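Each remark here refers to the structure printed beneath this line.
The structure presented is a predicted model; accordingly, all values stated were derived computationally and were not measured. Lettering follows sequence order; numbering is per chain, from 1.
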Number of protein chains: 2
Amino acid sequence: MTNIKDLAKIARVSVTTVSRVLNNHPYVSEEKRMAVLKAIKDTNYNKNINAVHLSKGKTLMIGVVLPYSDHPYFSLLLKGIANEALKNNYKLVLFQTDYLEQREMEALEMLKQKQIDSVIICSRASDWKTIEEHLSFGKIVVCENMTERHVSSTYVDHYKTFLEALEFLFSKGYEKIGYCIGRKTGSNSLARECAYRDFMNKHNLSYTAEYIIDDCLYFEDGEKVMKKIRGMVEPPEALLVTSDQVAAGIVTYCHNNHIAIPDELAIIGFDNEPIAKLMNITTIHIPLEDMGKSLFLQAVSKERTNNEVMIKLIERGTA
Amino acid sequence: MTNIKDLAKIARVSVTTVSRVLNNHPYVSEEKRMAVLKAIKDTNYNKNINAVHLSKGKTLMIGVVLPYSDHPYFSLLLKGIANEALKNNYKLVLFQTDYLEQREMEALEMLKQKQIDSVIICSRASDWKTIEEHLSFGKIVVCENMTERHVSSTYVDHYKTFLEALEFLFSKGYEKIGYCIGRKTGSNSLARECAYRDFMNKHNLSYTAEYIIDDCLYFEDGEKVMKKIRGMVEPPEALLVTSDQVAAGIVTYCHNNHIAIPDELAIIGFDNEPIAKLMNITTIHIPLEDMGKSLFLQAVSKERTNNEVMIKLIERGTA
DNA sequence: TTGTATGCGTTATCAA
DNA sequence: TTGATAACGCATACAA
């Protein structure tokens with residue numbers, strides 16, 4: 001492996017001059033530039049980027065923390081981040097955590113050690129406190145409502161969104177409403193539960209714990225949900241389903257089992273994935289790719305910003 | 001940012017001693033070790049990993065090249081790679097290429113520059129020649145049949161697989177058989193086309209170009225396929241669909257449009273995703289997560305191996 | 001058991 | 001326009 005020193009020797013110039021032509025800096029005569037370029041070609045030289053990083057103190061790499069890279073929600077978010085990263089000549093380091101705090105820590109550790117310049121946390125299991133302790137090591141941006149914290153964020157107001165969806169169902173005459181969610185913890189989930197409680201209180205409806213079904217992530221979870229519901233003495237008449245995948249699974253199950261939608265069960269999905277359009281599922285449109293783009297831009301920006309993303313209820317055939 | 005030198009000064013020892021306690025090397029007295037540890041704590045010290053990389057010439061990072069991270073096939077593969085990487089204390093750098101050669105080059109460049117130790121190419125657009133030129137810079141492993149090349153590989157024999165599926169359909173009486181695929185180029189696609197031609201020849205069936213439908217990746221592409229087919233004068237009676245997602249889209253479309261499956265149209269999907277089970281789709285099981293694991297292990301291994309993965313046809317209701 | 005000195009490959013500073 | 005030389009932060013051969 002030839003290095004910059006070798007090149008200097010071969011081209012009969014100083015390492016500085018070599019570095020200059022390598023980085024397109026001015027102040028180098030055409031003659032010497034040619035000599036260096038020739039040496040580069042002859043030796044099949046390549047920069048050792050680690051040395052560059054060490055010297056510059058930056059890596060042009062960003063960590064992306066997410067629980068499941070095979071879930072449409074996160075893979076779309078990731079797509080948005082990845083596309084923007086590419087445009088800006090950044091590389092991504094992926095941390096697929098399965099919501100294990102230890103794996104989230106790895107990203108923060110890399111930030112500490114300066115192997116990545118910033119971290120985008122799409123979703124987390126760790127305490128905020130843990131995250132906060134790493135704020136001094138580099139930029140951290142999150143995908144949840146954190147307007148009072150010292151971080152940038154791109155987020156959906158899930159409280160507002162949930163309330164809107166619930167009121168929509170209520171206006172259609174549904175009162176026994178449940179919802180399906182990925183997990184019960186997490187700030188976004190808590191916001192939704194809060195909205196759910198407030199809604200129930202407002203309309204004097206009774207809060208039914210079993211109407212909240214968690215662990216709903218993939219298409220196949222739709223079947224699970226339906227089996228649970230069919231085992232209930234007083235099953236819900238409508239469901240908010242925080243992933244179109246799961247909504248599609250539910251709709252498919254209902255089709256196969258002759259459960260009429262929306263008459264027997266109304267469904268509102270989330271994300272507005274293509275599958276929702278195809279299966280005519282009423283859903284909440286969330287611009288995930290745009291959010292990814294925003295997250296990336298915040299990750300490389302000097303400023304601290306909080307970007308609330310607007311959603312839209314798309315009425316189709318399931319509610 | 002305090003460094004190893006500062007620590008040495010504070011703890012009143014040499015940098016070597018500091019390095020020793022940092023890396024748990026022997027030969028350091030308890031007394032000095034304590035002093036160093038105290039200094040580390042007091043200063044909130046962190047290693048600069050870039051310096052470590054430069055010094056060691058390794059990064060414990062592996063590049064993963066794939067076209068679409070939001071496609072179930074690749075996200076499952078990625079999941080398998082990611083899980084194994086975690087176990088082995090490796091980090092992944094993701095290259096989502098959209099099949100742009102330029103983006104694949106970025107991974108190879110990083111290999112050249114020693115920012116990653118190896119590259120896993122899940123699928124590629126670049127010429128093999130281009131890849132080959134980078135073989136000297138680090139390990140490259142691929143996910144296609146490359147047994148005669150100088151690389152490790154984990155692959156499915158798509159020729160054999162396709163032939164098996166085609167014969168299966170033939171044995172059920174289908175003769176007008178088409179197939180849906182992501183793209184027509186790529187060695188895996190070519191192997192399948194070859195199998196298709198050979199099959200057609202063997203049984204004296206006429207090769208119909210329009211029976212090969214490409215650009216089939218996602219659920220929503222199922223609708224596109226069906227519209228194409230319905231526009232044909234002599235539509236196929238059976239389809240091999242190289243992604244369960246697309247197969248599910250087709251099946252859903254057929255349900256909605258009262259096309260009987262498998263009577264009017266038989267479907268065989270690929271991958272055996274959960275959606276295939278739920279929708280009762282006959283499919284070819286491919287152990288994607290296991291393949292991901294294998295790819296990773298090959299990427300970090302000294303040896304060169306070629307690992308053919310076995311598939312299995314799972315008969316359900318669509319063929 | 002400890003420390004000195006050097007190498008890793010670049011970039012940046014400053015003098016010429 | 002050029003080049004010596006000092007960072008950058010760590011690991012390690014070698015000497016003590």
Side-chain angles (χ1 to χ4, degrees), chain A residues 1-37 39-40 43-61 89 109-117 137-138, chain B residues 1-40 43-61 109-117 137-138:
Chain A
M1 286 286 107
T2 112
N3 63 22
I4 203 175
K5 240 177 192 163
D6 301 332
L7 290 183
K9 207 169 292 171
I10 296 172
R12 298 173 177 287
V13 298
S14 71
V15 288
T16 313
T17 300
V18 176
S19 178
R20 284 201 181 99
V21 346
L22 244 29
N23 297 288
N24 286 319
H25 284 172
Y27 303 129
V28 35
S29 65
E30 204 51 31
E31 180 193 13
K32 303 215 171 190
R33 155 167 280 116
M34 287 308 172
V36 172
L37 288 177
I40 289 175
T43 58
N44 201 3
Y45 163 83
N46 296 290
K47 259 195 212 184
N48 179 326
I49 213 79
N50 293 315
V52 178
H53 290 165
L54 175 59
S55 187
K56 291 215 175 189
K58 291 204 171 188
T59 60
L60 294 184
M61 300 218 291
N89 200 27
E109 280 302 315
M110 274 184 77
L111 189 64
K112 244 191 189 174
Q113 303 182 340
K114 303 198 152 299
Q115 194 170 7
I116 52 184
D117 298 341
F137 301 113
Chain B
M1 286 287 109
T2 111
N3 63 23
I4 205 175
K5 239 177 194 164
D6 301 332
L7 289 184
K9 207 169 294 172
I10 295 172
R12 299 173 178 284
V13 297
S14 71
V15 289
T16 313
T17 300
V18 175
S19 178
R20 284 199 181 99
V21 346
L22 244 28
N23 298 289
N24 286 318
H25 285 173
Y27 302 130
V28 36
S29 66
E30 203 52 29
E31 180 193 13
K32 302 214 172 190
R33 155 165 281 116
M34 286 308 174
V36 172
L37 289 177
K38 184 175 179 328
I40 290 176
T43 58
N44 201 3
Y45 163 84
N46 296 289
K47 258 193 212 184
N48 180 325
I49 213 80
N50 293 314
V52 177
H53 291 164
L54 176 59
S55 189
K56 287 214 177 188
K58 291 204 172 186
T59 60
L60 294 185
M61 300 217 291
E109 280 303 315
M110 274 184 77
L111 189 64
K112 244 191 190 175
Q113 304 182 340
K114 304 197 152 300
Q115 194 170 7
I116 51 184
D117 297 341
F137 300 113

With side-chain contact (heavy atoms from CB on, under 4.5 Å) as the criterion, how do Glu31(B) and Met34(B) come out once you've worked through the C-alpha distance, each side chain's angles and the decisive distance to 0.1 Å? CA-CA 5 Å; Glu31(B) 180 193 13; Met34(B) 286 308 174; over 6 Å; no

Starting at [atom1] of [X] and ending at [atom2] of [N], how long is that distance when rounded to a whole Å?
X        : N      : atom1 : atom2 : value
Arg33(A) : dG3(D) : CZ    : P     : 14 Å
Lys9(A)  : dA4(D) : NZ    : P     : 12 Å
Leu7(B)  : dG3(C) : CG    : P     : 14 Å
His53(A) : dG9(C) : NE2   : C1'   : 12 Å
Glu30(A) : dT2(D) : CD    : P     : 10 Å
Lys32(B) : dT1(C) : NZ    : C1'   : 8 Å
Met34(B) : dT2(C) : CE    : P     : 13 Å
Arg12(A) : dG3(D) : CZ    : P     : 12 Å

Which donor-acceptor pairs under 3.5 Å do side chains of residues 52-59 of chain B form with protein atoms, sequence neighbours excluded?
from	atom 1	to	atom 2	distance (Å)
His53(B)	NE2	Thr59(B)	O	3.3
Thr59(B)	OG1	Met61(B)	N	3.3
Thr59(B)	OG1	Gln115(B)	O	3.1
Thr59(B)	OG1	Asp117(B)	OD1	3.1

So Val36(B) and Val13(B), side-chain contact (heavy atoms from CB on, under 4.5 Å) or not? Walk me through it. CA-CA 8 Å; Val36(B) 172; Val13(B) 297; 3.9 Å; yes

Find the bend of the helix from dT1(C)-dA16(D) to dA16(C)-dT1(D) as the angle between its two terminal axes (five pairs each), to the nearest 10°.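 The angle separating the two end axes equals 40°.
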
Please round to the nearest 0.5 Å and tell me the distance separating atom OG1 of Thr17(B) and atom CZ of Arg12(B).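 The CZ atom of Arg12(B) is 14.5 Å from OG1 of Thr17(B), to the nearest 0.5 Å.
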
Between atom CG of Leu60(A) and atom CG of Asn89(A), what is the distance when rounded to the nearest 0.5 Å?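 Leu60(A) atom CG to Asn89(A) atom CG measures 6.0 Å (nearest 0.5 Å).
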
CA sep, side-chain torsions, deciding dist, call: Phe137(A), Asn44(B), side-chain contact (heavy atoms from CB on, under 4.5 Å): CA-CA 11 Å; Phe137(A) 301 113; Asn44(B) 201 3; 4.2 Å; yes

Under 4.0 Å protein heavy-atom contact, by nucleotide of nucleotides 6-16 of chain D - B base, S sugar-phosphate only: --BBBSBB---

Leu22(A) and side chain to side chain contact (heavy atoms under 4.5 Å, CB included): which partner among Val15(A), Leu37(A), Ile4(A)?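 Among Val15(A), Leu37(A), Ile4(A), the one meeting side chain to side chain contact (heavy atoms under 4.5 Å, CB included) with Leu22(A) is Ile4(A).
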
Could you please name the option among dG3(D), dT1(D), dG3(C) that lies closest to any side-chain atom of Thr17(B)?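 So the nucleotide nearest the side chain must be dG3(C).
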
Tell me whether the count of non-hydrogen atoms from other residues, nucleotides or ligands lying under 6.0 Å of CG in Asn23(A) goes above 12.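 Counting neighbours around CG of Asn23(A), more than 12 heavy atoms of other residues, nucleotides or ligands fall under 6.0 Å, so yes.
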
Go through Asn50(A) and Lys114(B) one step at a time and tell me if the side-chain contact (heavy atoms from CB on, under 4.5 Å) criterion holds. CA-CA 7 Å; Asn50(A) 293 315; Lys114(B) 304 197 152 300; 4.2 Å; yes

